[in-house]
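Single-structure report; data block below.
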Amino acid sequence: MDPNRFLCLRWSRQSGKTLVVSVLILWTALTKPASHIAVVAPSLRQSKYVLKRVALFAEKLPRGRVRQIQKTRIDFTNGSTIEAFPNNPSTIRGPSLNLVYCDEMGFIRDDEELYDSVLFTISTTGGRFVASSTPGSKENLFYKICNDTTFSRHHVTWKDALEPNGHLKEDVLEAIRKQLEGDPWRWQREMMAEFAEDEESFFPLKLLTGAVDQNLSYCTLAERLEGRSLNVGVDFGKHHDHSVVAVADLDMTTKIASLIHLHQFPLETDYGTVIGYIKGLTERWNRVARIMTDATGVGDVVTSDMKKAGLENIWPITFNVQTKTDILENLHRMLAKNQLKLVYDDELISEMNCEKFELNKAGQLIFSHPPSTHDDRLWAVALACHGVRFAASRTGNHFFATTSRNPNYIGPNFNWRSLRQGASTYTPRPGDPAGISIHGQLWCWACRRPVTIRPHVCEKN
């Protein structure tokens, strides 16, 4: 096998790979008439971004070389074409291609199926396959390719991109180094282009890349959304952390949610601006089922201001060890069960992957993120998905019983039938504290579990 036909590029995040690959693609189109070139990536949006960079060079060519430039296709007068494709094996398998470039292959879902399709489509033309990526998980095809001698392999780190050899400036490098000093794993991946992952990460890269949907992209406020069940998650911050708004769209038929909107505000953004943004969002997308807010600390005051501003269906959540565990475990479970689709967003993926966990002396999960990093996007998404969980469950009447705090009162042999006479009917309402008794513990009749977090989500009711 000719190694020049199969090229593997392992790049650091600051290596300027798009520039190099754009030149390679354009050179092939110009020097090989009637050649057909495909660009694929984790999402069609990313493929179009690569094609846009190629188009910037194509526009500078002498007149008469380029016939037409479109968002997903460039046509040349010599018969060559460059086209952006979605990450869809069936789409790639159809045409006969002379060059297939796969961008960020380490983050592509169903990468082996895509590669099989690529082999079919370049077999009749003797074409080339070029794959590039910042290293991600070792549990994917790109890691295998980087260790495959049949590929021509190239490893580029920040050292190769530093001036005068590349475009990376010394002051920018120092800023990145300071930002990632508390997260050596991300530095290894994004700057040294090494496969490295923290085993204490609560959201492994394989789990996150498996949720990326190539057809999904973020919706803007200008778009009209009809017939949706939208759940909003809001994490508040101002001086050291960011305020972030996330919106998850739940398909009531399949019970699968999609992250369709994510907006992070700059530091020092006034809370009134955040409230105004949410109010505009709910007015534009009038199918917002609930707004889950972080009501811890200043969040309690901001949540109250949201209610005064006329926002409805607000569900405040007070963060503590138990509620944080419940909310993040729900997000992890949705990802593991393919119940949540994500946009290919490298910032969000990196932020989620940075979240660490450990057990304290009481056996409880404690979550944290490295210094100089943020997890504001993560918590906004987690809150939106917490709302999704409640929306996906049956929201009829929940039966509760208030019992003594004596731990011996309820045990393995407790007769749940005797609870029926003292049971009360509870219908969840926005902001309702789930009927927690001051002098007793509240228990759910349907799932037979203590009610310790609001809103209570009963999987069996």
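Checked by atom type and distance alone, the side chain of Asn320 pairs as donor or acceptor with a backbone atom of Thr323 at under 3.5 Å. For the pair Ser258 (side chain) and Leu250 (backbone), a donor-acceptor distance under 3.5 Å is absent. Remark: side-chain polar atoms of Asn165 are not paired, donor with acceptor, to backbone N or O of Asp160 under 3.5 angstrom. Not a single donor-acceptor pair under 3.5 Å links the side chain of Glu355 to the backbone N or O of Met352. Side chain of Asp376 to backbone of His242: a donor-acceptor contact under 3.5 angstrom is found. Asn98 places a side-chain N or O within 3.5 Å of a backbone atom of His36 that can act as its donor or acceptor partner. Listed for the Asp111 side chain is no donor-acceptor partner under 3.5 Å among the backbone atoms of Phe107. Using a distance-only test at 3.5 Å, with no hydrogens or angles considered, a donor-acceptor pair links the side chain of Ser201 to the main chain of Asn353. Panel note: side chain Ser80, backbone Ser35; a donor-acceptor pair is recorded below 3.5 Å. A donor-acceptor pair is defined here as one N or O able to donate and one able to accept, closer than 3.5 Å; such a pair exists between the side chain of Trp285 and the backbone of Glu223.
Heavy atoms from other residues, nucleotides or ligands lying under 6.0 Å from CZ of Phe120 number 12 at most. Other residues, nucleotides and ligands contribute more than 12 heavy atoms inside 6.0 Å of the CZ atom of Phe319. Annotation for Lys238: atom NZ counts as buried by contact number, over 12 foreign heavy atoms lying within 6.0 Å.
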Apply salt bridge (charged side-chain N to carboxylate O under 4.0 Å, His left out) to Asp326 and Arg389, showing your working. CA-CA 11 Å; Asp326 182 74; Arg389 174 173 60 166; 2.5 Å; yes
For side chain to side chain contact (heavy atoms under 4.5 Å, CB included), just list the numbers for Ser43 and Asn87, CA-CA rounded to whole Å, side-chain angles, deciding distance to a tenth of an Å, and then say yes or no. CA-CA 6 Å; Ser43 67; Asn87 171 26; over 6 Å; no
For the pair Phe357 and Phe367, evaluate ring-ring contact (aromatic ring centres under 6.0 Å, His included) and give the outcome as yes or no after the intermediate values. CA-CA 5 Å; Phe357 73 99; Phe367 298 96; 7.1 Å; no
Verdict with supporting geometry, Phe129 and Tyr115, ring-ring contact (aromatic ring centres under 6.0 Å, His included): CA-CA 9 Å; Phe129 174 65; Tyr115 181 61; 5.5 Å; yes
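Using a 4.0 Å cut-off between a side-chain N of Lys or Arg and a carboxylate O of Asp or Glu, Arg177 and Glu170 do not qualify as a salt bridge. Of the charged side-chain nitrogens involved, at least one lies within less than 4.0 Å of a carboxylate oxygen, so that Asp75 and Arg73 count as a salt-bridged pair.
Across Ala382 and Leu328, no two heavy atoms sit closer than the pair CB-CD2, 3.8 Å. Closest heavy-atom contact between Asp294 and Phe236: O-CD1, 3.5 Å. Of all the heavy atoms in Leu378 and Glu351, the pair that sits closest is N-OE2, 3.1 Å. When every heavy atom of Asn78 is checked against every heavy atom of Ala29, the shortest pair comes out as ND2-O, 3.0 Å. What you find for Arg10 and Ala193 is that their closest heavy atoms are NH1-O, 3.0 Å.
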Can you list, pair by pair, the side-chain donor-acceptor contacts under 3.5 Å of residues 56-70, counting residues two or more places apart and other chains?
residue	atom	partner	partner atom	Å
Arg67	NH1	Phe76	O	3.2

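Here the CD1-OG1 distance, from Ile108 to Thr209, works out to 10.5 Å after rounding to the nearest 0.5 Å. Rounding to the nearest 0.5 Å gives a distance of 11.0 Å between NE2 of His374 and CD of Glu347. Interatomic distance, Leu9 CG to Thr134 OG1, rounded to the nearest 0.5 Å: 11.5 Å.
Contact annotation: the side chain of Leu342 never approaches that of Asp213 to less than 4.5 Å [non-hydrogen atoms, C-beta and beyond]. Proximity of Val100 to Thr121: side-chain heavy atoms (C-beta onward) are separated by under 4.5 Å at one or more points.
Under the 30°/60° scheme for interplanar angles, the aromatic rings of Tyr143 and Phe195 are found to stand perpendicular. Between Phe6 and Phe151, the ring planes are perpendicular. Angles over 60° get that label, and only those under 30° would be called parallel.
For His263, the side chain to side chain contact (heavy atoms under 4.5 Å, CB included) partners at least two apart in sequence or on another chain are His261, Phe265, Tyr277.
In this structure, Lys356 is not positioned above the aromatic face of Phe202 in the sense of NZ or CZ being under 6.0 Å from the six-membered ring centre and within 45° of the axis.
Residue pairs meeting the salt bridge (charged side-chain N to carboxylate O under 4.0 Å, His left out) criterion with at least one partner in residues 43-52, sequence neighbours excluded, are absent.
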